[in-house]
Amino acid sequence: MAMLEVKDLEVYYGMIQAIKGISFEVNKGEVIALIGANGAGKTTTLHTITGLLSPKKGSVIFEGKDITKIPAHKIVSMGMAHVPEGRRVFSDLSVYENLKLGAYTRKDKENLNKDLESIYERFPRLAERKNQSAGTLSGGEQQMLAMGRALMSKPSIVLMDEPSMGLSPILVNEIFDIIESISKTGTTVLLVEQNAKKALSIADRAYVLETGKIVTSGNASDLLEDDSIKKAYLGE
Ligand SMILES: Nc1ncnc2c1ncn2[C@@H]1O[C@H](COP(=O)(O)OP(=O)(O)OP(=O)(O)O)[C@@H](O)[C@H]1O
Ligand SMILES: [Mg+2]
């Protein structure tokens, strides 16, 4: 059984159909990339999975449970975390306070300090800046904070929306290394990216979204070699 199953999803904004019947699966331990151009429907798909939007048709099954009608905060407590597009950290709160908020749905509060320490180990820049307000962090640091905050909920799966957006090439590499290390510690990853080359280089499998439909899918390594993917998404 797949850890996450999206079935025949159709999502509208008013009269406009953004998602036109997509189905895909994420298995435990995988890194799955969802790639596609601006407006393809990547963010809409993530928002529907995490309960921020409701689909007109179709369903989302997470660890065998139908979560299509479950509200977002409950889905977080079931073990699904979301690192939103554009980071969305709480600017006026400190790094530490942002991280603590990531754990708000957890019942095992006694382990929080230990988990904070492991986040600071993974992101040493956040440790150095724990009392700095999040709004004054650089873009890359804010991305790390958004990831750290998501990890504080101890998710079994984390959904990331364009983590490399707006970052310098060095930081892009750093963020992708972090995503790989998150995956290696056993967390399943659904990664939305416009940086298709980097996403495919760390993913196991990928789905290509075009105007609300999945047009191609396969092993990431095969897609990296695919001529039409190269032309359309890899700038080769
Ligand atoms: N709140 C909204 N109201 C109306 N239309 C919307 C809304 N949000 C998104 N859309 C439309 O839905 C389609 C899919 O948008 P979505 O944000 O999911 O794309 P995306 O693949 O994430 O794009 P990007 O790479 O630019 O982030 C687009 O045509 C967009 O204009
Ligand atoms: Mg988007």
Side-chain angles (χ1 to χ4, degrees), residues 4-26 31-60 62 67-69 71-72 75-76 80-89 139-140 142-147 149-150 157-169 171-172 175-176 179 189-203 205-218 220 223-224 228-236:
L4 176 67
E5 216 179 324
V6 170
K7 282 196 220 165
D8 306 318
L9 217 56
E10 294 187 27
V11 185
Y12 286 74
Y13 293 106
M15 301 286 284
I16 297 166
Q17 186 170 16
I19 300 296
K20 300 169 181 164
I22 65 169
S23 299
F24 64 93
E25 290 179 0
V26 182
V31 176
I32 297 298
L34 191 58
I35 60 177
N38 286 121
K42 304 180 297 297
T43 298
T44 303
T45 301
L46 289 197
H47 283 178
T48 310
I49 294 171
T50 56
L52 296 170
L53 284 171
S54 13
K56 185 151 192 180
K57 282 200 184 137
S59 55
V60 180
F62 178 48
I67 61 164
T68 320
K69 294 200 163 64
I75 293 177
V76 175
M80 182 185 291
H82 177 207
V83 184
E85 190 172 20
R87 301 33 144 175
R88 308 278 170 92
V89 296
Q142 288 190 19
Q143 185 60 50
M144 291 175 195
L145 180 56
M147 285 182 171
R149 187 179 58 188
I157 185 168
V158 55
L159 282 53
M160 301 185 189
D161 198 345
E162 311 247 13
S164 79
M165 193 168 50
L167 303 183
S168 70
L171 266 178
V172 169
I175 290 292
F176 276 93
I179 299 169
V189 178
L190 176 58
L191 173 64
V192 159
E193 263 296 336
Q194 275 193 56
N195 189 335
K197 199 167 194 168
K198 287 298 283 178
L200 291 175
S201 74
I202 66 161
R205 297 186 296 116
Y207 295 89
V208 181
L209 205 54
E210 263 176 32
T211 55
K213 289 192 184 129
I214 289 173
V215 292
T216 312
S217 63
L223 294 177
L224 273 172
S228 62
I229 298 287
K230 277 187 182 171
K231 237 194 196 146
Y233 296 102
L234 306 176
E236 289 175 12

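Ligands are counted one by one from 1 in listed order, and the atoms in each one are counted from 1 as well.
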Angle at the Mg ion (ligand 2): provide the value between OG1 of Thr43 and OE2 of Glu85, rounding to 10 degrees.
110°
What residue and heavy atom of the protein are closest to atom 17 (O) of ligand 1, and at what distance?
Thr43 CB, 3.7 Å
Tell me: protein heavy atom nearest atom 23 (O) of ligand 1, and distance?
Gly39 N, 2.8 Å
I'd like to know whether ligand 1 has Ala37 as a neighbour, heavy-atom separation below 4.0 Å.
yes
Would a 4.5 Å heavy-atom cut-off, applied to side chains only, mark His82 and Ile49 as touching?
no
Within the protein, is there a heavy atom lying under 4.0 Å from atom 1 (N) of ligand 1?
yes
Given the rule in the side chain to side chain contact (heavy atoms under 4.5 Å, CB included) test, do Leu234 and Leu200 qualify, once you have shown the distances and angles that lead to the verdict?
CA-CA 10 Å; Leu234 306 176; Leu200 291 175; 4.2 Å; yes
What protein heavy atom is closest to atom 25 (O) of ligand 1, reported as residue, atom name and distance in Å?
Lys42 NZ, 2.7 Å
When distances are taken from atom 6 (C) of ligand 1, the protein heavy atom at minimum range is Tyr13 CD1, 3.2 Å
Other residues, nucleotides, ligands: >12 heavy atoms within 6.0 Å of Lys230 NZ:
yes
Are any of the heavy atoms in Gly41 under 4.0 Å away from ligand 1?
yes
Closest non-hydrogen protein atom to atom 27 (O) of ligand 1, residue and atom name please, with distance?
Glu85 OE2, 2.7 Å
Min side-chain heavy-atom separation Phe176-Leu191 under 4.5 Å:
yes
Please determine whether any non-hydrogen atom of His47 lies less than 4.0 Å from an atom of ligand 1.
no
Backbone or side-chain N or O of Ala40 under 3.5 Å from ligand 1 N or O:
yes
Close side-chain approach of Lys7 to Thr68, heavy-atom, < 4.5 Å:
no
Do the non-hydrogen side-chain atoms of Lys56 and Gln17 ever get within less than 4.5 Å of each other?
no
Find out whether Thr211 and Lys20 are in side-chain contact, i.e. whether some heavy atom of one side chain is under 4.5 Å from a heavy atom of the other.
yes
Is the closest side-chain heavy-atom distance between Thr44 and Tyr13 below 4.5 Å?
yes
Per atom 15 (O) of ligand 1, closest listed option by heavy atom (Ile35, Thr44, Asn38)
Thr44
Can you tell me if, anywhere in Asn38, an N/O/S atom lies at a distance from the Mg ion (ligand 2) that is smaller than 2.8 Å?
no
Do any non-hydrogen protein atoms sit less than 4.0 Å from atom 4 (C) of ligand 1?
yes
Would a 4.5 Å heavy-atom cut-off, applied to side chains only, mark Gln194 and Asn38 as touching?
yes
